[in-house]
Enquirer: 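Here it is, the structure in full.
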Amino acid sequence: MRKFRTLLGATLAGACALAVVPGTALAAPAAAPQQATADLADTTGAYYEVSPARLMDTREGLGAPKAKIGPLAKVDLQVAGRGGVPAVGVGAVVLNVTITGPTMDSFVTAYPAGEARPDASSVNFAKGWLGSNNVTVKLGAGGKVSVYNRNGYTDVVVDVVGYYAKDNSMTNRNGGQYEWYEPARMFDTREDPEPKPTAGTTIEYALDFNEVGGPDVNSHIRTLVFNLTAVAPASSGFLTAWSGAGAKPTASTVNYGAGKNVPNLAFVQTTPCTGAEPFGWCTPGARKFKIFTSASAHILVDLVGVVDDGFSEWGMRFAPMSPTRIVDSRTNLGITGAMGPGSVRRVTVPGTLITPDTGVAVMNVTAVKPTNNTVITVWPADIPEIPKPSTSNLNPYANQVVSNAVLGIVEPNGAFNVHNLSGSTHLVADMVGRFYYPAAPAATLSGDATKSKPQIVGSSHR
């Protein structure tokens, strides 16, 4: 029988809040306590987090010539051996790709160096746009990624946040596995008693995964996977999410323009609450992280999954692929015709791209010129316990072409649902890989794969 898990019976504990002085960050411990890690017997497809690190900035000449990327041009970016990514043994990387100052409407595609450019896009943008997208891409020849620009000239910034092992040659055996959660909104500053976060504010959050009387899950959680959205920012700026250990990194997580609601998928490392935090605002051991906003903006945090150390029997590994288009409603691929207001479409992933053990399709989903401002939401098609969630994957504005990374749950039948809130929009989806269940997780992990499924039982922030 196919394995799948749902987030049932989860409750949110009361949240407490502490105002943070604008322009300052809460003090971080000199050395954050580290959670236990498993020693993977087989590292193939395991995830390894790194502290967000900048690999390319065409404005500065970092990793590429100091010049905007021109029309029909590409840059081959060296990834392996930089920013905490090993020189060998890496199959794919998780990047945050930022576009700034484009002179025309265009798109950028990141794909394995040395391969033919695919019919796919990674970031779609309008003239003058500022924004970013989480991009998972297979490494190509020489450990490089090609970054292609279609029209005009644009600066491109690339930050790395993690990588996946290509095979079992990784000398570091402490990789992690991804586990999906029912999409759920964990935090929303619009509902806080405090006012809208001001420019330069840092907010610290925590999630408690332990059930009373249940196993210790918290110590095994290493990275949280969110859809992080900036809402109604007062000016152009960015959000940076990180573990909170040490100073705020220079890398950004979400880049936004004034007044725009902008989401981005984020892999965010965590540290444990120690019990010594002021006012006892979080449970000892709960997983803690920080979010900084450079401009006044509301912040939404939608949890979609976690990376643990191999503790959970529901953990998955990643298999990358060259970007492959599976949906294009303009050509009736995957979906027939534009999606109308309130419409739901079921998308079946081509059988050639998945296997019976596939749980999640890793995609880049693009809304193409909706007639109204709208919201696009993706959720599993064939798990009755999971109805359409009150979360969002894309928040496109009228006549905008916008993309976001989506970890689409496709088990048990290789399909997902997509909903369009308002107006009419075309939809495009490019698949870049899949998460799959190892054939025998108990045999390949030192963690106890027979322990019960974790449930979120509390959340707090300050």
Side-chain angles (χ1 to χ4, degrees), residues 1-10 32-50 94 161-165 168 170 172-182 184 186 205-226 243 245 267-275 282-289 303-319 357-360 407 409 411 435-459:
M1 177 180 293
R2 291 286 302 280
K3 297 177 286 187
F4 66 89
R5 64 172 304 282
T6 61
L7 181 61
L8 299 176
Q34 297 298 309
Q35 62 270 38
T37 58
D39 183 3
L40 299 187
D42 176 16
T43 60
T44 304
Y47 179 76
Y48 293 79
E49 58 275 338
V50 300
V94 181
V161 299
Y163 62 90
Y164 295 98
N168 200 29
M170 193 70 66
N172 178 359
R173 317 300 295 183
N174 293 326
Q177 297 191 141
Y178 176 74
E179 178 181 5
W180 65 260
Y181 272 72
E182 175 184 358
M186 295 290 103
Y205 292 102
L207 285 174
D208 184 4
F209 290 80
N210 285 353
E211 293 182 275
V212 175
D216 174 22
V217 176
N218 284 327
S219 65
H220 298 277
I221 302 296
R222 296 171 16 169
T223 294
L224 304 177
V225 186
F226 296 124
S243 68
F267 284 64
V268 183
Q269 292 187 64
T270 66
T271 56
C273 292
T274 64
C282 66
T283 303
R287 307 315 301 174
K288 187 171 60 173
F289 62 98
L303 181 72
V304 299
V306 303
V307 177
D308 72 8
D309 61 5
F311 166 83
S312 173
E313 64 178 316
W314 310 99
M316 292 180 285
R317 305 292 182 92
F318 181 70
D357 57 7
T358 298
V360 170
L407 305 184
I409 303 163
E411 56 181 307
F435 282 108
Y436 65 94
Y437 293 101
T444 59
L445 300 178
S446 62
D448 184 354
T450 66
K451 295 183 179 180
S452 63
K453 298 174 290 187
Q455 304 289 312
I456 297 176
V457 297
S459 68

Enquirer: Would you say the side chains of R222 and N174 form a donor-acceptor pair under 3.5 Å?
Expert: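 R222 vs N174: no donor-acceptor pair found between side chains.
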
Enquirer: With side-chain contact (heavy atoms from CB on, under 4.5 Å) as the criterion, how do Q177 and D308 come out once you've worked through the C-alpha distance, each side chain's angles and the decisive distance to 0.1 Å?
Expert: CA-CA 6 Å; Q177 297 191 141; D308 72 8; 4.2 Å; yes

Enquirer: Shortest non-hydrogen contact from R287 to I221?
Expert: NE-O, 3.2 Å

Enquirer: Closest heavy-atom contact between P215 and N210?
Expert: O-OD1, 3.7 Å

Enquirer: For residues S243 and T271, determine if any side-chain heavy atom of one lies less than 4.5 Å from a side-chain heavy atom of the other.
Expert: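 S243 vs T271: side chains touch.
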
Enquirer: If we ignore angles and hydrogens, is there a donor and acceptor under 3.5 Å between the side chains of T223 and E49?
Expert: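 Their side chains do contain a donor-acceptor pair, which is all the 3.5 Å distance test asks for.
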
Enquirer: Heavy atoms, side chains only, cut-off 4.5 Å: are V225 and V306 in contact?
Expert: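 When only atoms from C-beta onward are counted, V306 and V225 do not touch, as no gap falls below 4.5 Å.
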
Enquirer: Which heavy atom of Y436 sits nearest a heavy atom of T44, and at what distance?
Expert: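 It is OH-O, 3.8 Å.
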
Enquirer: How far apart are the closest heavy atoms of G359 and M316, and which atoms are they?
Expert: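 Where G359 meets M316 most closely, the heavy atoms are CA-SD, 3.9 Å.
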
Enquirer: Give me the atom names and distance for the closest heavy-atom approach of T43 to A165.
Expert: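 What the structure gives for the nearest pair is O-CB, 3.1 Å.
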
Enquirer: Would you find a donor on one side and an acceptor on the other, under 3.5 Å apart, between the side chain of Y178 and the backbone of A46?
Expert: no

Enquirer: Any side-chain to backbone donor/acceptor pair from Q269 onto V50? Under 3.5 Å, distance only.
Expert: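 A pair under 3.5 Å: yes.
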
Enquirer: Quick one: closest heavy-atom pair of R173 and N168, and the distance?
Expert: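 Nearest pair, atom of R173 first, then N168: NH2-OD1, 2.9 Å.
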
Enquirer: Considering residues at least two apart in sequence or located in another chain, which fulfil the ring pair (Phe, Tyr, Trp, His ring centres under 6.0 Å) criterion with Y47?
Expert: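 Applying ring pair (Phe, Tyr, Trp, His ring centres under 6.0 Å) to Y47 gives Y164, F267.
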
Enquirer: Side chains of Y205 and C282, heavy atoms from C-beta outward: is any pair under 4.5 Å?
Expert: no

Enquirer: Are the side chains of F209 and H220 in contact, using a 4.5 Å heavy-atom criterion?
Expert: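 No, every pair of side-chain atoms sits at 4.5 Å or beyond.
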
Enquirer: State, with a plain yes or no, whether a side-chain heavy atom of R317 is found less than 4.5 Å away from one of F435.
Expert: no

Enquirer: Quick one, V268 with F226, criterion side-chain contact (heavy atoms from CB on, under 4.5 Å). Give me CA distance, side-chain angles, the key distance, then yes/no.
Expert: CA-CA 8 Å; V268 183; F226 296 124; 4.1 Å; yes

Enquirer: Less than 4.5 Å apart, any side-chain heavy atom of V304 and any of Y181?
Expert: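 The answer is no; the side chains never approach within 4.5 Å.
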
Enquirer: Between L407 and W180, is any pair of side-chain heavy atoms under 4.5 Å apart?
Expert: no

Enquirer: With rounding to the nearest 0.5 Å, note down the distance linking CG in D208 to CG in N218.
Expert: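 One finds 5.0 Å between CG of D208 and CG of N218.
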
